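The shown structure was predicted, so the numbers you read here are calculated from the model rather than taken from an experiment.
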Amino acid sequence: MHNLKEIRKDFENFKKALKKRSVDIDLNNLEKLDKQNRECILKRETLEKEKKDISKLKDKSLFDRSKKISQSIEEIIGKQKKIKDDLEKILFNLPNIPHKDVPIGKDENDNVEIERFGQIPNFDFKAKSHYELGEKLGMLDFDLATKTTGSRFVFVKDKLALLERAISNFMLDTHVSKNGYQEISPPLLASENSMFGTGQLPKFENDQFEVKLDDGSNRKFLIPTAEVILTNIVKDQILNEKDLPLRFVASTPCFRKEAGSYGKDTKGMIRQHQFYKVELVSIVDQSKCLDELERMTNCATDILDLLNLPYRKMILCSGDMGFSSEKTYDIEVWLPSENKFREISSCSSCSTFQSVRMKTRYKNQKKEIIYAGTLNGSGLAVGRTLIAILENYQQIDGSITIPKVLRPYMNNLEKISLK
RNA sequence: GGAGAGAUGGCUGAGCGGUUGAAAGCACCGGUCUUGAAAACCGGCAAAGGGGCAACUCUUUCCUGGGUUCGAAUCCCAGUCUCUCCGCCA
């Protein structure tokens with residue numbers, strides 16, 4: 001969310017910057033409502049002052065006047081409430097402004113490749129897809145998931161379940177011991193307010209799974225990513241500068257409706273309603289956001305290097321970035337069956353966009369209270385890492401070699417083959 | 001599911017109709033003292049929002065939303081959340 005105080009200073013520039021994000025919102029109205037809102041505040045405060053003075057004097061002859069003032073105040077409050085609602089409706093739905101490094105563009109086609117890493121495997125046979133491989137092994141079962149649950153879910157069984165667990169543990173261990181993240185095992189439900197804090201609400205309610213609890217209690221949602229719950233750890237807090245940066249990692253299931261992606265990636269486990277993801281979150285000094293983004297992205301690619309999977313690093317264009325992001329790197333892993341790179345991690349700096357929503361601040365050395373910077377990134381998506389390993393490590397007979405770094409997590413198993 | 005208790009500043013915790021934005025303690029910051037540190041002593045220390053070039057000033061905020069009153073942290077109603085005990089269950 002944008003800080004109105006800052007926007008006000010240079011409204012024209014703000015409008016220009018926001019244009020980069022192909023959004024179509026009447027910003028002139030925002031300016032107008034802000035002005036009206038402040039006029040209301042001014043009027044109200046003048047009356048409140050008078051009322052307060054009367055109350056202090058305890059002079060009975062003035063009590064009537066005080067009563068009248070109360071009425072006027074009420075009127076103004078009513079008027080202001082409407083103005084404020086309209087104002088917030090606009091403000092809450094404005095995405096973050098792209099950083100100046102971000103290439104201008106409309107959609108994913110305008111994303112820019114930065115660099116490629118690793119060796120693309122050269123099979124002397126036709127590479128199979130992960131779902132062919134998994135189903136043949138009898139360890140990925142989509143039909144069973146359809147039976148028990150519905151579409152876009154999967155059963156992972158036997159050695160692949162072990163592999164999935166190994167991937168998750170390996171990533172967690174690496175981020176904790178090597179990269180300095182604190183491990184968290186968080187709740188998988190988030191309150192409406194937390195969902196607002198990271199920007200999933202109000203605009204993207206359709207993508208979220210809401211959970212019905214007892215009537216009357218506040219709304220709760222299954223987390224679409226651990227980012228929501230990890231970032232909101234610092235909600236409503238004034239931190240000490242010396243405590244920064246804070247770095248959290250969690251491996252959690254994520255739940256997404258995938259509304260609007262009908263017919264997209266329907267086969268296999270690329271796009272599921274539920275998937276495991278290891279998530280990294282950093283809370284930093286606002287001036288250090290971009291440095292931290294590089295660091296975080298390196299933490300993510302580090303995993304791919306260790307797994308020896310080929311990938312490329314992309315910078316997303318202004319039109320393809322997430323709502324809260326000022327700058328995003330996508331890491332795409334090579335999938336032989338599709339003969340292309342697919343997203344396996346997304347690392348974003350959200351500047352102060354989320355902390356304004358969450359009211360996360362810290363005191364700097366000048367004792368000023370300023371908004372913190374927040375970042376999040378996948379390190380990595382576990383399901384998609386499983387896919388990438390299946391496809392890149394497949395053998396001609398349909399067996400899968402286990403990457404060396406994962407073997408200690410799998411009783412030194414070297415290969416998964418048909419039972 | 002049944003029975004209670006509570007929600008106040010970064011934290012602990014007083015206040016229970018009228019300069020209370022809020023005692024006290026801790027933490028924190030500055031100073032004196034000290035070779036340095038600690039201790040002791042002195043002083044400072046909430047946030048949000050509005051106005052002003054600025055010094056500064058005003059308003060709001062004691063869980064949330066209503067109500068009573070000239071005036072509410074304090075009284076009334078509704079809700080949310082937290083804690084304790086019993087029962088049940090992983």
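Spacing between atom CD of E192(A) and atom P of rC81(B) amounts to 13 Å, rounded to whole angstrom units. Atom C1' of nucleotide rG50(B) and atom NZ of K84(A) are separated by 12 Å, given to the nearest angstrom. Nucleotide rG50(B) holds its C1' atom 13 Å from the CG atom of L4(A), rounded to whole Å. At whole-Å resolution of the value, CG in L239(A) and P in rA46(B) are 19 Å apart. Atom CD1 in I83(A) sits about 14 Å away from atom P in rG50(B), given to the nearest Å. Rounded to an integer number of Å, the gap from M1(A) CE to rA48(B) P is 13 Å.
Using P as the reference atom, rC41(B) and rG52(B) are 46 Å apart when rounded to the nearest Å. Using P as the reference atom, rU68(B) and rC58(B) are 29 Å apart when rounded to the nearest Å. With C1' as the reference atom, rA5(B) and rA22(B) are 24 Å apart, rounded to whole Å. A gap of 14 Å separates the C1' atoms of rA23(B) and rC62(B), to the nearest Å. The C1' atoms of rA14(B) and rG9(B) are separated by 13 Å, rounded to the nearest whole Å. Distance check on atom C1': rA27(B) versus rA46(B) gives 14 Å, rounded to whole Å. Nucleotides rG79(B) and rG2(B) place their P atoms 14 Å apart, quoted to the nearest Å. rA72(B) sits 16 Å from rU20(B) when the P atoms are compared, rounded to a whole Å.
For E39(A), the side-chain contact (heavy atoms from CB on, under 4.5 Å) test picks out K35(A), with sequence neighbours left out. By the side-chain contact (heavy atoms from CB on, under 4.5 Å) test, N109(A) is found to be paired with D107(A), residues two or more places apart in sequence or in another chain being considered. Residues forming a side-chain contact (heavy atoms from CB on, under 4.5 Å) with D305(A) (at least two apart in sequence, or on another chain): Y311(A). E210(A) meets the side chain to side chain donor-acceptor pair (under 3.5 Å) test with R219(A); sequence neighbours excluded. Checked against side-chain contact (heavy atoms from CB on, under 4.5 Å), A17(A) has the following partners two or more places apart in sequence or in another chain: I97(A). Residues passing the side chain to side chain donor-acceptor pair (under 3.5 Å) test with K235(A), sequence neighbours excluded: N193(A), S194(A). Every residue meeting the ring-ring contact (aromatic ring centres under 6.0 Å, His included) condition with F14(A), not counting sequence neighbours, appears here in chain and number order: H2(A).
Residues L87(A) and D34(A) approach most closely at CD1-N, 3.7 Å, considering heavy atoms. When all heavy atoms are compared, the tightest approach of L386(A) to L160(A) is CD1-O, 3.9 Å.
With hydrogens and angles left out, the side-chain atoms of Q395(A) and T401(A) include a donor and acceptor closer than 3.5 Å.
When heavy atoms are screened at a 4.0 angstrom cut-off, R361(A) is found touching the sugar-phosphate backbone but no base atom.
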So which protein nitrogen or oxygen atoms get under 3.5 Å of nucleotides 27-30 of chain B's nitrogens or oxygens?
| from | atom 1 | to | atom 2 | distance (Å) |
| --- | --- | --- | --- | --- |
| rC29(B) | O2' | K367(A) | NZ | 3.2 |

Identify the pairs formed between an N or O of the protein and an N or O of nucleotides 7-10 of chain B at a distance under 3.5 Å, and give each distance.
none

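A side-chain contact (heavy atoms from CB on, under 4.5 Å) with D330(A) is found for one member of K313(A), M321(A), E343(A), R342(A) and no other, namely E343(A). Looking at L137(A), L140(A), L162(A), D141(A) one by one, the single match for side-chain contact (heavy atoms from CB on, under 4.5 Å) with K157(A) turns out to be D141(A). Screening L239(A), I233(A), L230(A), D243(A) for a side-chain contact (heavy atoms from CB on, under 4.5 Å) involving I283(A) leaves a single residue, L239(A).
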Per-nucleotide protein contact along nucleotides 54-75 of chain B, 5' to 3', at a 4.0 Å heavy-atom cut-off (B base, S sugar-phosphate only, - neither), is ----BBS---------BS----
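Helical stems in RNA chain B, defined as runs of 3 or more consecutive Watson-Crick or G-U wobble pairs with both donor-acceptor distances under 3.5 Å, are listed by first residue as B:1-7 with B:80-86, B:10-12 with B:24-26, B:28-32 with B:40-44, B:46-51 with B:56-61, B:63-67 with B:75-79.
Neither OP1 nor OP2 of rG52(B) sits under 4.0 Å from any side-chain N or O of R38(A).
Applying the side chain to side chain donor-acceptor pair (under 3.5 Å) test to residues at least two apart or on different chains, the pairs with a partner in residues 269-283 of chain A are T225(A)-K277(A), E258(A)-R271(A), D265(A)-R271(A), K277(A)-E279(A), S282(A)-E292(A).
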Could you check Y362(A) against Y371(A) for ring pair (Phe, Tyr, Trp, His ring centres under 6.0 Å), going step by step and ending with a plain yes or no?
CA-CA 6 Å; Y362(A) 64 93; Y371(A) 287 107; 9.5 Å; no
